[in-house]
Amino acid sequence: MSIAKTYLPKEAEEKWYKYWLENGFFKSVPDDREPYTIVMPPPNVTGVLHMGHMLNNTIQDVLIRRARMKGKNACWVPGTDHASIATEAKVVAMLKEKGISKKDLSRAEFLDYAWEWKEKYGGIILDQLKKLGASCDWDRTRFTMDDDLSEAVIDTFIHLYKKGLIYRGIRMVNWDPQGKTAVSDEEVMRKEVNQKLYYIRYEVKGERQKVKGDEESLTSYLTIATTRPETIMADAAICVNPNDERYLHLHGKQVYIPLINREIPVILDEYVTMDFGTGALKVTPAHDLNDYELGQKHNLPVIDILNDDGTLNAKAQILLGEDRFAARKKIAVMLEEAGVLEKVEEYKSQVGFSERTNAVIEPKLSMQWFCKMEDMAKPALDYVLNGEIKLIPEKFINTYRHWMENVKDWCISRQLWWGQQIPAYYLPHGQYIIAKTIEEALELANQINTNNSPLTINDLTQEEDVVDTWFSSWLWPISVFDGFKDPNNADINYYYPTNDLVTAPEILFFWVARMIMAGHEFRGKMPFENVYLTGIVRDKQGRKMSKSLGNSPDPLDLIDKYGADGVRVGMLLSSPAGNDLMFDEGHCEQGRNFYNKVWNAFRLVKGWEVDDKLENPNKVAIDWFESRFNQALTEIEDTFAQYRLSEALMATYKLVWDDFCAWYLEMIKPVYLQPIDRETHTKTIEFFSNILKLLHPFIPFITEELWHDDLFGDRKDSDCCIVAQLPNSGEINTRLLADVENVKQVITQIRNIRNNKQISPKEALPLSVKAISGVSYLSYKEILVKLANLSELVLVTDKMSGAINFLVSTDEFYVPLKETIDPVAEKERLQKEKDYLTGFLKSVNAKLTNEKFMANAKPEIIEAEQKKRADAEAKLKIIDEGLSGLAG
RNA sequence: GGGAGCUUAGCUCAGCUGGUUCAGAGCAUCUGCCUUACAAGCAGAGGGUCACUGGUUCGAACCCAGUAGCUCCCA
């Protein structure tokens, strides 16, 4: 079988992914092996693959493939979450296109449409992950609204309610007027926005008569500054700081709200910042969290002038039905016309946006369901603080702790239909029963029913709201293994707790923390051991990649262009844990170049003819690479253990490109068209096979493709790289490794001489060595002769004059050339080196003659310094000889 | 306003408990090569007052304090 000149990723990717699936290599069932489990953070069903998913899932796939190759029973559970707000918004939009309004549909009808939508589009993102090579156990694919998972959500709700951890109450919530639902604090993104600060005059009651001239007008008006003039109709008071001398005369007064002339009091509270705006704050309890608290304190009425969709209602008295932002513009004009708009300033402030719909969040008072967090947060914090759960990188522990120590109750209700409907049933008089079914609720209701006639099902109405999507996903590591339905089943007992969770720091709180809480609450165990936090994928300018900015490449296009393997390498190359990744297509190119290198190295080896009569001239090279490979294996193992994936990849990259391709293959490569000996050939194939294994987690497709080449002999169907076992590290001959480093330096020096003197690589050069370091260069003669193209290598004991010379370690090398060397330049070079060494020796001596150093430094440090001194002295001696030789 | 973190080569980042020959890598750059595995390549080379200022120490990129700039989180 011959091999193509270039690797064609597309074909290989389709072929091998299919092959892996057919052979069930991704599947996992509990057995005697040690499990290694990852649950995929379920992407949104509405989502399409973006760069963040690419990074996240590449990392998971590398971890899972590696575990599989280490003999563990690797299980990667995929799935999606139902994303209630986002999905509902999509479905509403789709219906709108069909000319259907959600209002005209019953809940059941709407849900039918939603499920239809989910069946059609919900699997797209998972299919896209397959293109990346994700080796998930697809048979385990779960969706947060699957029957079993939904049942788990309802059971959990009931469980927590019974424990007193769920309650209903009026609270100021983050209202999304577009999604028409409350969202949690964590779903509000704050952004700095250019706004306007309106200065509005409120007339002071009983001061009107005095108006004459500017000075007096100061007492007849009170000016406030606000960014939200459309809410003045909801004002309940004006608040000033009691220490503010400017307003002493207003204490106890009343003012009139402009335009509607409603009378409100001036109240005093130190909460008000005197130097912000005018120092007078309009208090609007219904439309601002801080104002609400202030209102509670001062017993102010709550006047809510906004409808659920953000338009003004009858309580506003004016601008009825106008959207809040339209109303803002209009009221500014009205205020201006009324002569009460003093000025308008540009102002930057933080505004909350809904993460799901991007609508500006409206603080709104409403009846919502809450989950108490304090008791659950405590143990969840402990898992992380005592190290049972490791956050990688550790710097996130602080953030985690800060959040858990200041946790607020979780608003879990959403005014939507897509999701699990809250199992609360209202009785005619407003009491409610929490029960799994309406029948159960009815039974319970009749137990407390004081009426003579028993209640019927028709008397009960179920709560309209659904629970927050996170109230499903916090159960994910348990529910995907049916840990609620069947708490003692084989899967949950085997796979739980899972090993690693790979996710983004942005959801450390509202997902990771809550999973830990749920894990503790429902299993008494943490849900995972390690949390690997990836960074945000940003563009070259450091901007977060997003659809709206249009700065994100389509991952599938990238795969098309560079191959899945290339993109995987590209994602991993510059992504240390927890650090943002400045994505650059150049990295994917580097990835492609890398697997291309592997491909070509393979072509070289494959092209060799074997001659059984030949002796093996490459024993040293083989021994060296074997040691080097084992050394690299240890390093790679170590970096993986620390979850430094980009470093592990780089170490592998260098082992393959530098050590194997650039050095080893060059050392053993036969002269063109000449055959190679059997032993070297066999060994090299063995090395190559190990390299493929080591590379597989990073570049699974090309390694599988090469694995099946007949160079490796016949393979059974099940003999695949994906399930091959990683080699164990063998002996490392450190002496040999160190010697070869010297030999490589010698070769580099000679190549340098060629470069400088314009000598062709084809012209063989003689080399003499005066060695005192103990390296036996003759044992590396084959390598030196071949890679430096030497005509001879001789050991000498005397200095050679008139030859180009260089030092490696403390050994002196001479290349006699016909061409005479320039004594001036040579002298300069030696003098420079001498100056440097003299300085260096001086600093070493300074340490060694320093009593405190000798007293405090560890013995091995002192020893090292002594060796430095000896080496420097030896080198100086050689250089001095060279200098005096030139002088003479 | 509160909290956390960052600042090392042109770029992206390593640098473990302060101490191996003078701070490392990859990419990019420069020089020379179409040397029959690979120009998606080969062989070389250059490039850093470790943000700044002080302090601790025999010794500081690393520890401490302050300054400046940046990022994130919370309000």
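Each chain gets a letter, A, B and so on, in the order its sequence line appears, and its residues count up from 1.
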Listed by chain and number, what are the salt bridge (Lys or Arg N to Asp or Glu O under 4.0 Å) partners of [X], not counting sequence neighbours?
X	value
A:Asp409	none
A:Lys597	none
A:Glu11	none
A:Arg735	A:Asp739

Original post:
Can you tell me which stems RNA chain B forms when a stem means 3 or more consecutive Watson-Crick or G-U pairs under 3.5 Å?
Top reply: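 Stems for RNA chain B, defined as runs of 3 or more consecutive pairs: B:1-7 with B:68-74, B:10-13 with B:24-27, B:29-33 with B:41-45, B:51-55 with B:63-67.
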
Subject >> N/O (side chain, A:Asn756) to phosphate O (OP1/OP2, B:G44) under 4.0 Å >> reply: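 Negative; the distance criterion is not met.
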
Original post:
Side-chain N or O of A:Lys669 less than 4.0 angstrom from OP1 or OP2 on B:A37?
Top reply: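 Yes.
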
Pairwise [atom1] distance for [N] and [M], with rounding to whole Å:
N	M	atom1	answer
B:A14	B:A75	C1'	36 Å
B:G3	B:U67	P	14 Å
B:G26	B:A68	P	38 Å
B:G48	B:C11	C1'	14 Å

Nearest-nucleotide pick for [X], side chain only, options being [options]:
X	options	value
A:Arg644	B:G15, B:C42, B:A45	B:G15
A:Asn593	B:A39, B:G41, B:A14	B:G41
A:Lys762	B:U35, B:C38, B:C73	B:U35
A:Ile861	B:A37, B:G19, B:G5	B:G19

Ring pair (Phe, Tyr, Trp, His ring centres under 6.0 Å) against [X], all qualifying residues, sequence neighbours excluded:
X	answer
A:Phe806	A:Phe813
A:Tyr562	none
A:Tyr292	none

Original post:
Of all residues at least two apart in sequence or in a different chain, which pass the side chain to side chain donor-acceptor pair (under 3.5 Å) check with A:Glu506?
Top reply: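 A:Lys544.
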
Are there any protein N/O atoms within less than 3.5 Å of an N/O atom in nucleotides 57-60 of chain B, and if so, which ones and at what distance?
| from | atom 1 | to | atom 2 | distance (Å) |
| --- | --- | --- | --- | --- |
| B:C58 | O2' | A:Asn850 | ND2 | 3.0 |

Tabulated below should be each protein N or O lying under 3.5 Å from an N or O of nucleotides 27-32 of chain B; please produce it.
| from | atom 1 | to | atom 2 | distance (Å) |
| --- | --- | --- | --- | --- |
| B:C27 | OP1 | A:Tyr653 | OH | 3.4 |

**OP:** Could you tell me whether A:Asp557 and A:Lys561 make a salt bridge, using a distance below 4.0 angstrom between a side-chain N and a carboxylate O?
**Re:**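 Salt bridge between A:Asp557 and A:Lys561, a charged N being under 4.0 Å from a carboxylate O: no.
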
Original post:
Do A:Asp269 and A:Lys297 meet the salt-bridge criterion of a basic N to acidic O distance under 4.0 Å?
Top reply: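 Yes.
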
Original post:
Going by the angle between their ring planes, with limits at 30° and 60°, are A:Phe712 and A:Phe602 parallel, tilted or perpendicular?
Top reply: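 Aromatic pair A:Phe712/A:Phe602 classed tilted.
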
Original post:
With no angle test and no hydrogens, is the base of B:A37 tied to the side chain of A:Glu666 by a donor-acceptor pair under 3.5 Å?
Top reply: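 Answer is yes: a donor-acceptor pair is held.
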
Pairs under 3.5 angstrom, nitrogen or oxygen only, protein versus nucleotides 23-25 of chain B, please.
| from | atom 1 | to | atom 2 | distance (Å) |
| --- | --- | --- | --- | --- |
| B:A25 | O2' | A:Lys654 | NZ | 3.0 |

